[in-house]
Amino acid sequence: MRGVLTLMACQFAGTACQDALHLPVPGPVIGMGLLLTILVMRPGGQGLAGTEAAAEELLRRLPLLLVPAGVGLVACGSDLATAGPALLVAVLASTVVAIAGTGMLMDTLLRWSDRVQDGVEPDRSDLDGSFKRAGE
Amino acid sequence: MFDNAIAWLAAQPLLGLFMTVGAYEAGLWLSRRMQGRGLLATLANPVLVAVALGIAALAATGIPYDRYMVSAQFLNVLLGPTTVALAVPVSRSLPLIRQAPVSILAALVAGLMLATASAVAIAWALGTPPSVLLALLPKSVTLPVALGIVRVGGGSEALTTAAVVFTGLSGAVLGGWVLDRVGVRDRRARGLAVGVAAQSMGTAEAMCWGRTEGAFAGLAFGLVALLAPVLLPVVARWML
């Protein structure tokens with residue numbers, strides 16, 4: 001349980017920061033930043049193995065943890081009836097726009113930065129061709 | 001008789017937890033059955049199925065959401081430590097940044113802004129009230145973090161859940177096709193794009209495309225989780 005305790009301690013520290021400094025950032029996210037700092041500072045350090053195991057265990061169960069929030073839709077029937085279709089269109093269209101835009105921008109930026117690095121292309125290879133789906 | 005049974009059920013503190021785990025197991029079972037069936041496999045997302053079953057059960061029995069949450073809220077509380085736990089996968093994908101730090105960060109911030117601003121602008125143009133727009137703001141952020149953001153901002157957690165799940169689904173289903181259409185071939189760009197726009201669901205899809213795509217999607221969605229809570233309140237103040 002020590003791993004879970006570390007995660008909870010990070011969250012408490014993060015929430016304390018949020019409340020003390022009146023930040024718009026959620027406490028758990030500050031806690032994530034805190035744990036990330038610890039992990040980067042001492043990679044593979046002793047005592048962190050338990051934390052990593054607990055984190056992986058929780059993340060494996062993440063989908064289950066999300067269900068109650070989603071079931072809450074039952075309580076916003078009127079909002080959904082009026083705004084539902086508009087939200088659906090907005091979500092769908094903006095996702096397509098964001099994927100296309102981000103992809104094209106990153107493509108252009110990488111072409112530029114690969115050229116700057118003078119041909120040192122780290123990861124353009126087809127080493128993972130075997131992972132490609134049939135028909136692609 | 002039937003009403004009595006429902007009243008008895010509604011009085012059981014365990015009900016919400018039992019229902020949620022049961023619905024989730026049903027969702028897992030269905031998603032395993034649908035594996036490899038293309039669009040059906042994506043739609044049989046365990047969260048989506050479990051949420052639909054939970055809503056159907058509450059609507060059919062008339063048991064109020066408050067009663068359901070008596071024990072189901074424990075799962076909700078665990079979202080906090082799980083958000084902290086995201087630091088572990090992020091710390092593993094972080095070294096990828098060194099490949100092209102400026103490009104990655106620039107594309108990440110621009111992509112997040114684009115996803116958010118376009119969603120809010122379209123919903124606003126279609127006449128959505130500001131209170132609902134608030135719930136739409138963190139739609140491309142991984143759900144535990146998105147819920148943290150709406151809690152701070154005071155929007156509807158349920159609407160945010162719906163927006164995030166549909167964003168993830170549509171990104172996973174349409175991502176590859178959209179990127180082909182606009183001619184993005186670079187594996188790193190493809191992964192980053194679905195990671196930014198469709199968080200963990202996009203990342204899961206990118207992992208099927210290849211190792212490079214999966215790694216960059218994971219990096220993107222992790223960094224969005226860290227950056228969005230800082231950037232989105234600024235967007236909110238500017239747009240709403």
Side-chain angles (χ1 to χ4, degrees), chain A residues 4 7-8 10-11 24-26 28-29 31-33 35-36 39-40 52 55-56 58-59 62-76 79 83 86-107 109-110 113 122-123 128 131-133, chain B residues 20 24 46-47 50-51 54-55 58 65 72 75-76 78-88 91 99-100 103 107 110-111 114-115 118-119 122-123 126 128 132 143 145 148 152 156-158 161-163 166-167 170-171 175 178-179 182 184 186 189 192-193 196-197 210-212 229 233:
Chain A
V4 183
L7 296 178
M8 291 195 290
C10 285
Q11 185 185 341
V25 180
V29 174
M32 187 205 323
L35 182 59
L36 185 64
L39 287 171
V40 171
E52 293 191 19
E56 274 157 14
L58 267 179
L59 285 171
L62 174 62
L64 170 67
L65 305 182
L66 298 170
V67 174
V71 174
L73 275 180
V74 85
C76 43
D79 265 353
L87 282 184
L88 212 60
V89 172
V91 164
L92 207 68
S94 69
T95 304
V96 170
V97 168
I99 289 178
T102 313
M104 288 193 290
L105 177 64
M106 180 71 173
D107 204 34
L109 286 173
L110 282 175
S113 75
D123 219 337
D128 43 9
F131 282 79
K132 272 193 155 188
R133 281 183 172 169
Chain B
T20 309
Y24 182 63
V47 177
V51 166
I55 290 175
L58 290 188
Y65 183 63
L75 298 175
N76 227 337
L78 281 177
L79 282 176
T82 310
T83 304
V84 177
L86 283 171
V88 170
S91 75
Q99 285 192 16
S103 309
L114 184 60
S118 62
I122 294 167
L126 294 173
T128 308
V132 179
L143 197 39
V145 176
V152 172
S156 156
E157 290 182 26
T161 307
F166 280 119
T167 299
S170 50
V178 170
L179 288 167
V182 295
V184 175
D186 190 294
L192 188 109
V196 167
R211 226 176 288 163
T212 308

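By convention in this document, chain letters (A, B, ...) are assigned in the order of the sequence lines, proteins followed by strands, and residues within each chain are numbered from 1.
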Is the closest side-chain heavy-atom distance between [X] and [Y] below 4.5 Å?
X: B/F166; Y: A/L88; answer: yes
X: B/L75; Y: A/V67; answer: no
X: B/T161; Y: A/L66; answer: no
X: B/D186; Y: A/M106; answer: no
X: A/L58; Y: B/P81; answer: yes
X: B/L179; Y: A/I99; answer: yes

For chain A, find which of [options] contributes the most heavy-atom pairs closer than 4.5 angstrom.
options: B/S170, B/A85, B/G171, B/A72; value: B/A85
options: B/V196, B/T83, B/V145; value: B/T83
options: B/V47, B/L78, B/V51; value: B/V51
options: B/A119, B/S156, B/A123, B/A163; value: B/A119

Is it the side chain or the backbone of [X] that comes within 4.5 Å of chain A heavy atoms, both, or neither?
X: B/V182; result: both
X: B/S91; result: both
X: B/P233; result: side chain

What residue, out of [options], has the most heavy-atom pairs lying under 4.5 Å from chain B?
options: A/P28, A/G33, A/P68, A/P26; answer: A/P68
options: A/L35, A/L87, A/V91; answer: A/V91
options: A/G31, A/A69, A/A55; answer: A/A69

Taking all atoms of both residues into account, what is the closest heavy-atom pair of [X] and [Y], and its distance?
X: B/I122; Y: A/A90; result: CG2-CA, 3.7 Å
X: A/T102; Y: B/A107; result: CG2-O, 3.7 Å
X: B/Y24; Y: A/P63; result: OH-CB, 3.4 Å
X: B/A158; Y: A/G72; result: CB-C, 3.3 Å
X: B/A87; Y: A/L39; result: O-CD1, 3.7 Å
X: A/G103; Y: B/V184; result: C-CG2, 3.5 Å

Mind running side chain to side chain contact (heavy atoms under 4.5 Å, CB included) on A/M8 and B/V84 for me, showing each step along the way?
-> CA-CA 8 Å; A/M8 291 195 290; B/V84 177; over 6 Å; no
Once you round to the nearest 0.5 Å, how far does CG of A/D107 lie from CG of B/L192?
-> 11.0 Å
Could you check A/L65 against B/N76 for side chain to side chain contact (heavy atoms under 4.5 Å, CB included), going step by step and ending with a plain yes or no?
-> CA-CA 6 Å; A/L65 305 182; B/N76 227 337; over 6 Å; no
